[in-house]
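Single-structure report; data block below.
In this text the structure is predicted, and so the values were computed from the model without any measurement.
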Amino acid sequence: MPILYNELDRTFHLQTKESSYVMQIVNEGYLAHIYWGKQVKQARIPIALRYRDRGFSGNPNKEDRAFSLDTLPQEFPAYGNTDFRNPAIQLVCPDGSRITDFRYDSHSITKGKPNLEGLPATYVEDSDEAETLTITLKDDEIDVSVHLQYTVYHELDVLTRSVQIENNGTDAVTLSKIASMNVDMRDTDFEMINLPGAHVRERDIERLPLRRGTQSVSSTRGSSSHHQNPFIALVRPNTTEEVGEAYGFSFVYSGNFDATVEVDQTMQTRVNMGINSFDFSWLLEQGQTFQTPEVVMVYSATGIGEMSRTYHTLYRERLCRGNYRDKERPILINNWEATYFDFDEQSILNIAEKAKQTGIELFVLDDGWFGKRDDDTSSLGDWIVDTNKLPNGLASLANEVKEKGMQFGLWFEPEMISPDSDLYREHPDWCIHVPNRRRSESRNQLVLDFSREDVCKEITKRISTILESAPISYVKWDMNRNMTEMGSSLLPKHRQKEMAHRYMLGLYAVMEELTTRFPDILFESCSGGGGRFDPGMLYYMPQVWTSDNTDAISRLRIQYGTTLVYPVSSMGAHVSVVPNHQVGRVTPLKTRGDVAMDGNLGYELDVTKLADEELETISQQVTLYKSIRQTIQFGDLYRLVNPFEQQNYGSIHVSPDKTEAVLIYVHVLAEANGPFHSVKLAGLDPNKDYQIIETGEIYGGDELMHMGLNVPYPEADFTSILWRLKEHVQ
Ligand code: DGJ
């Protein structure tokens, strides 16, 4: 039984594969947090709470001066009655007051995991995979309940949390903050990891000790953003890739979010995560409920690497969905960096023809195929093929590509509208805007108001029409600006702050409909590269274009940071030309290939302009990748050398049965008379022997992991190796 309730001391004990999470109902019904960490068989009294009268921490019950919510570690703290820390919930009551007092009301334990209506979430395929605890806390004064939902997966160290709030009172209340989870850890010996970045420089890793007071990461951009990812981890100061405790918090949502960590006066650490309360409120009428998105919490006692692998397994197998979830992903070629907007039918077919000869499997036609889109100043929303560029239409092009033996894919940016478009001329109020104010453009475009049903319906129709019109096997779903002048012409003024979340609900509904209607299409999400690389998107689309930065050396950090949470199978990685278009760097084609093979390999260059030797190298890369992609995309990733800390980079992908592995190692800069480098491999079976296919050498897994492997001396900048290891049986 992974979820236990002990009536005697009113404790809940949630057991994941190797961790325990313990709560207790204390005092007059407050839900206290007791423990989260390495599994214990039984959660008994020694870890229960102590109480003490502390100055300036008030007492809900004046008879008990030792009890204050200000110091109690809690599961879902509210505002107004002695807790001065960051609350998980805040609402405006019918009488205008903002005080709530949620106490234990009831609980239930059920098999499986319920879906979250209208929201992306992890799931089970069989109700035996997980168990769910729902604890209901209630504020009797206003008759509002919060249902705290906790799901534990039996085979993983995962705990998912979300909250449903239900108004059974006689009047409406207004939510001004509703986190998806809160946990009050009982100490502060942590460092916080987060993934800040920018366009073309996504997901750097930042790791800083906690300080007293609050520290937070958030987005107010209307999307999860390039700038902060909806993920944080708390790790012990001594935690590394392979040892030490790591606590991960990942938010399954693609819009404005907030993760705040607060170290309080008694040196406890409060973490809460959810929809950003900045510019948010939600009117909850009588009888209505509000469902928060989910937070996936992962505990690892054996380092950051194990935390990541738990996320990878869960997200690959129980967040991603659809026909492509478990399928090897096709090697694609995309024409964006090859042609930008400047192409016609013949130039596209020429690229496809050459690409086919190298063994590439899918051709993707990027931006510029519709309306009058010869640059980024027009036509978003006019999803009608541009017959100047493609005189025979899309179906004819797609069929020709298909006849060459490749699949055909297409780019869309469904959420956007160009002021210079027929759609805008017809419906100028369909964009996000505030009447009488300037509509700020970004990349010459505005954002469609997906909080409106009519807008969602029309866009779904337009996209469906195109998808039905030609043999399209892949869609790249782009999104190239953040939201400003948040306002919707259909919402009444007291609901305008619901806009950002309503947008997400509308977007998710459109994605649900399109991915259900076209189950055979592989969808890849994108937002100027990795501006919406989040678990919410992965629920609908199992791949993401990781970054608009295709430089192999920049990609080392971007991909390394991304894998902290996201599985390799989700990371689009392309080989492009040199000098690189984003940073001007010149790197060998071999290194570009090896780095792209660390994710989902693709190409994004004009193959018709390459020399024969380069095409030959690409053919070899494609053949090689086909033989290793099962291990890369569905194996276990071990990060070996951290490019944020060292000049070099290393990773190894190990097949689940540990009979095969792929080692990728990149020397960034060569050094005159420099040192030799060796790397300790990980994830292998110490009792197996492995042959390195590229060198013929045979070593034990134990030797490779403990003694390490001497890698070749770097004779030049930007060199790499990709070595395959296969179990060697005498
Ligand atoms: C941004 C994407 O990230 C690029 O790959 C490309 O599709 C452009 N948009 C097209 O406008």
Do the side chain of Ser308 and the main chain of Leu564 share a donor and acceptor less than 3.5 angstrom apart? yes

Contact check, side chains of Phe363 and Lys356, non-hydrogen atoms, under 4.5 Å: no

Between atom OG of Ser254 and atom CG of Leu538, what is the distance when rounded to the nearest 0.5 Å? 9.0 Å

Would you check if the side chain of Glu400 reaches a backbone N or O of Leu349 as a donor-acceptor pair within less than 3.5 Å? no

Show your working on side chain to side chain contact (heavy atoms under 4.5 Å, CB included) between Val595 and Ile553 and close with a plain yes or no. CA-CA 8 Å; Val595 173; Ile553 301 305; 5.9 Å; no

Do Leu589 and Ile618 come close enough that some side-chain heavy atom pair is under 4.5 Å? yes

Taking side chain to side chain contact (heavy atoms under 4.5 Å, CB included) as the definition, give me every residue that meets it alongside Pro588, ordered by chain and number, with sequence neighbours left out. Thr591, Phe718

With Arg481, which of Met416, Arg221, Glu415, Glu413 fulfils side chain to side chain contact (heavy atoms under 4.5 Å, CB included)? Met416

Run Gln228 and Glu206 through side-chain hydrogen bond (donor to acceptor under 3.5 Å, both in side chains) and show every step you take. CA-CA 11 Å; Gln228 289 287 355; Glu206 201 160 72; 5.5 Å; no

If you round to the nearest 0.5 Å, how far is CG of Leu365 from CD1 of Ile348? 5.0 Å

Evaluate the criterion side chain to side chain contact (heavy atoms under 4.5 Å, CB included) for residue pair Tyr665 and Leu640; output intermediate values, then yes/no. CA-CA 9 Å; Tyr665 190 90; Leu640 303 177; over 6 Å; no

Find out whether Thr550 and Trp336 are in side-chain contact, i.e. whether some heavy atom of one side chain is under 4.5 Å from a heavy atom of the other. no

Between Thr587 and Asn580, is there a side-chain heavy-atom distance shorter than 4.5 Å? no

Which distance, rounded to the nearest 0.5 Å, do you find between the NZ of Lys680 and the CG of Leu704? 12.5 Å

Salt bridge (Lys or Arg N to Asp or Glu O under 4.0 Å) partners of Glu191, counting only residues at least two apart: Arg207

Atom CG in Leu663, atom OG in Ser651: separation rounded to 0.5 Å? 7.0 Å

Evaluate the criterion salt bridge (charged side-chain N to carboxylate O under 4.0 Å, His left out) for residue pair Glu694 and Arg724; output intermediate values, then yes/no. CA-CA 7 Å; Glu694 279 66 25; Arg724 290 162 295 167; 2.8 Å; yes

Go through the steps for Glu361 and Arg629 under the test salt bridge (charged side-chain N to carboxylate O under 4.0 Å, His left out), then give the verdict. CA-CA 14 Å; Glu361 299 156 312; Arg629 69 180 150 188; 2.9 Å; yes

Do you see a donor-acceptor pair shorter than 3.5 Å between the side chains of Glu524 and Tyr474? yes

Could you check whether any side-chain N or O of Gln691 sits under 3.5 Å from a backbone N or O of Gly696, counting only pairs where one atom can act as donor and the other as acceptor? yes

Which pair of non-hydrogen atoms, one from Phe408 and one from Pro471, has the smallest distance, and what is that distance? CB-O, 3.8 Å

Checking side chain to side chain donor-acceptor pair (under 3.5 Å) between Thr563 and each of Arg639, Arg203, His312, which is the one that passes? Arg639

Any side-chain heavy-atom pair from Tyr324 and Pro330 closer than 4.5 angstrom? yes

Give a yes/no verdict on a cation-pi contact between Lys389 and Phe343, requiring under 6.0 Å between NZ or CZ and the six-membered ring centre and an angle within 45° of the axis. yes

Any donor-acceptor pair under 3.5 Å linking the side-chain atoms of Asn350 with those of Thr608? no

Evaluate the side-chain proximity of Val679 to Asn648: yes if any heavy-atom separation is below 4.5 Å, no if none is. no

Treating Arg592 as the side-chain partner and Ser576 as the backbone partner, does any N or O pair qualify as donor plus acceptor under 3.5 Å? yes

Any donor-acceptor N/O pair, His226 side chain to Gly528 backbone, under 3.5 Å: yes

Could you pull out the closest heavy-atom pair between Gly359 and Lys626, with the gap in Å? O-NZ, 2.8 Å

Using only heavy-atom distances, determine whether the side chains of Glu328 and Tyr625 contain a donor-acceptor pair under 3.5 Å. no

Give a yes or no on whether the ring-centroid distance for Tyr713 and Phe676 is below 6.0 angstrom. yes

Within-4.5 Å side-chain heavy-atom neighbours: Asp534 and Phe231: no

How long is the span from the CD atom in Gln407 to the CD1 atom in Ile472, to the nearest 0.5 Å? 12.0 Å

Pairwise side-chain contact, Lys590 with Ser720, heavy-atom cut-off 4.5 Å (strictly under): yes

Worked check of side chain to side chain contact (heavy atoms under 4.5 Å, CB included) between Ile628 and Leu722: CA-CA 11 Å; Ile628 56 175; Leu722 185 153; 4.2 Å; yes

So, the side chain of Lys609 versus the backbone of Ala338: is there a donor-acceptor pair under 3.5 Å, distance only? no

Can you check side chain to side chain contact (heavy atoms under 4.5 Å, CB included) on Ile205 and Leu195, steps first, answer last? CA-CA 5 Å; Ile205 296 180; Leu195 302 172; 3.9 Å; yes

Mind running salt bridge (charged side-chain N to carboxylate O under 4.0 Å, His left out) on Arg309 and Asp636 for me, showing each step along the way? CA-CA 7 Å; Arg309 284 185 290 281; Asp636 293 318; 5.8 Å; no

Measure from the side-chain N and O atoms of Asp366 to the backbone N and O of Asn335, and report whether any donor-acceptor pair falls under 3.5 Å. no

With respect to Met511, which candidate in Phe523, Tyr539, Trp477 satisfies the side chain to side chain contact (heavy atoms under 4.5 Å, CB included) definition? Trp477

Roughly how far, to the nearest 0.5 Å, is NZ of Lys327 from CG of Asn323? 5.0 Å

Backbone N/O of Gly635 and side chain of Thr631: donor-acceptor pair under 3.5 Å: no

Report the C-alpha distance between Tyr603 and Gln621 in whole Å, list the side-chain angles of each, state the deciding distance to 0.1 Å, and finish with yes or no for side-chain hydrogen bond (donor to acceptor under 3.5 Å, both in side chains). CA-CA 11 Å; Tyr603 290 82; Gln621 289 173 344; 2.7 Å; yes

Could you tell me if Asn480 and Asp478 have a donor-acceptor pair between their side chains, going purely by distance under 3.5 Å? yes

Polar side chain donor-acceptor pair, Ser300 to Asp157, under 3.5 angstrom: no

Do Glu241 and Tyr638 get their side chains close enough for a donor-acceptor pair, meaning under 3.5 Å? no

Closest approach of Asp548 to Val200 (non-hydrogen atoms, all atoms of both residues): CB-CG1, 3.7 Å

Please work out whether the ring planes of Phe251 and Tyr253 are parallel, tilted or perpendicular, with thresholds of 30° and 60°. tilted

Minimum heavy-atom separation for Asn229 to Tyr566, with atom names? OD1-OH, 2.6 Å

Exercise: do Thr339 and Asp606 side chains pair donor with acceptor under 3.5 Å: no

